[in-house]
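Report on one structure; see the data block that follows.
None of these values were measured; they are calculated from a predicted model. Each ligand, and each atom within it, is numbered from 1 in the order the structure gives. Every heavy atom of this structure was used, including side-chain atoms; hydrogens, water molecules and symmetry mates were not.
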Amino acid sequence: MSILSDRILNMQESATIAMAAKSREMKARGIDVISLSLGEPDFNTPEHIKEAAKQAVDDNFSHYTPVPGYLDLREAISEKFKRDNGLDYEPSQIVTSTGAKQTLANLMFCLINPGDEVILPAPYWVSYEGQILLARGKVVRISTNIDSDFKITPAQLEASITDKTKAFLFSSPCNPSGSVYSQEELNGLAEVLAKYPNIVVIADEIYEFINYTDKHASIGANPLIKDRVVTVNGLSKGFAMTGWRLGYMGAPKEIAAACTKMQGQFTSGTCAITQRAAITALNSHYEPTLAMKAEFLKRRNLVADRLREIPGLKFNVPDGAFYFFPDASAYFGKSYGNYTINNITDLCMYLLETANVATVTGAAFGNDDCFRIAYATSTDLLEKATARMKDSLSKLA
Ligand code: PMP
Ligand code: GLU
């Protein structure tokens, strides 16, 4: 019998983290692995943000902060929501956390009673499911595919609602599909949600700044439901600050207060230095962010060109985030040497072992036909990785 709790024994490890660890471990053994597994910008944090952090160290921001974050940071976030997204959240409705991952975990633990249902359009980000299950909720998946650009329709949303539905959670731009909902599409979903006043809507907008349509839309801007939309965001992706750990949300007051109470028992306020730097990030020009987006767009186009040369892959060119999510089911049942591809996880392991390219199985994102390629790496490595993938996949017969 294990000394560990059933909770942790039954929990799935994060597939993104597990694949990243596996490729690091192979690299440490001298294998030339190219990791397209972890979704994180390869850029460094912009200089003016780093300078603000250095100043904060010198200014002795070395103490515990208020649990939801410094007031001037929450004011900067409130202003950002208004300016960039047309959202109205007062500072008292804002909570900052140790990454958007914690923001989401706070929400799951504050909203879900055992058996409550959370609707997730699939594919969805891997940790949504892990966190919902930890909170003893139930995941209700809405399946999508390439033909619908991995987006759901209002009718699909309505069909998945029951009297146990607690929340509807989605990301746009989406991790892992890269799909982006327009304001019109979000309004269609909002019209359905308007009929069910007890459902909390959680919009994960962490890829806001990596949106090639140039029209980021927020469901919280829809007046029909704005009072029960939680908007989640963070600095990791748009400002290349994954290691700094700053996520935030705007939420109805009751939910913000609950998440603050929860966080007060787990981690308290996030890093004081990071919070000071975040004020500079949000109050300054976004030039480095826009430059990074332009670079991601070039890489997206490059990867699309290369993937088109691989006959067994079917995909849409994504409008946002830095992922491709190709359907590789054409390879199922094929073999090479000792390898047989029975499912999408086999395919990812085959690519890892024969091409030394790390990707993530779609099974972790609620889709059994596709796998995720993160293209947040240099064009040289992307050229090399796609060539290796093409070569390995061509051997399957
Ligand atoms: N939401 C989505 C959709 C993500 O891809 C990630 C991973 N970066 C997060 C939330 C969490 O981000 P972080 O904890 O780095 O703020
Ligand atoms: N969100 C990124 C990803 O999906 C980082 C890994 C993680 O936080 O799980 O790869």
Task: Exercise: do Asn211 and Thr213 side chains pair donor with acceptor under 3.5 Å - done: yes
Task: Exam field: side chain Asn85 to backbone Leu87, donor-acceptor pair closer than 3.5 Å - done: no
Open item on the list: I'd like to know whether ligand 2 has Phe322 as a neighbour, heavy-atom separation below 4.0 Å.
Closed with: no
Open item on the list: I need the nearest protein heavy-atom contact for atom 5 (C) of ligand 2: residue, atom name and distance, please.
Closed with: Gly39 O, 3.7 Å
- [ ] Check whether the ring centres of Tyr286 and Phe239 lie less than 6.0 Å apart, and answer yes or no.
- [x] yes
Task: Which segment of Asn175 sits under 4.0 Å of ligand 2 when only heavy atoms are counted - done: side chain
Task: Ala376 backbone acceptor or donor facing Glu40 side chain under 3.5 Å - done: no
Open item on the list: For ligand 1, which is the ligand I care about here, please tell me if Asn175 has any N or O atom under 3.5 Å from one of the ligand's N or O atoms.
Closed with: yes
Task: Heavy-atom nearest neighbour of atom 3 (C) of ligand 2 within options Lys101, Arg372, Glu40, Met19 - done: Arg372
Open item on the list: I need the atoms of ligand 2 closer than 4.0 Å to a non-hydrogen atom of Leu38, numbered in the order shown.
Closed with: 5 (C), 6 (C), 10 (O)
Task: Protein heavy atom at shortest distance from atom 9 (O) of ligand 2 - done: Thr16 OG1, 2.7 Å
Task: Contact partition for Phe365 relative to ligand 2, non-hydrogen atoms under 4.0 Å - done: neither
- [ ] Using a 4.0 Å heavy-atom cut-off, say whether Glu40 meets ligand 1 through its side chain, its backbone, both or neither.
- [x] neither
- [ ] Give yes or no for whether the N/O distance cutoff of 3.5 Å, strictly under, is met between Ala100 and ligand 1.
- [x] yes
Open item on the list: Tell me whether the NZ or CZ atom of Lys151 lies within the 45° cone about the ring axis of Tyr181 and under 6.0 Å from its centre.
Closed with: yes
Task: Contact check: Tyr128 vs ligand 1, nitrogen or oxygen atoms, below 3.5 angstrom - done: no
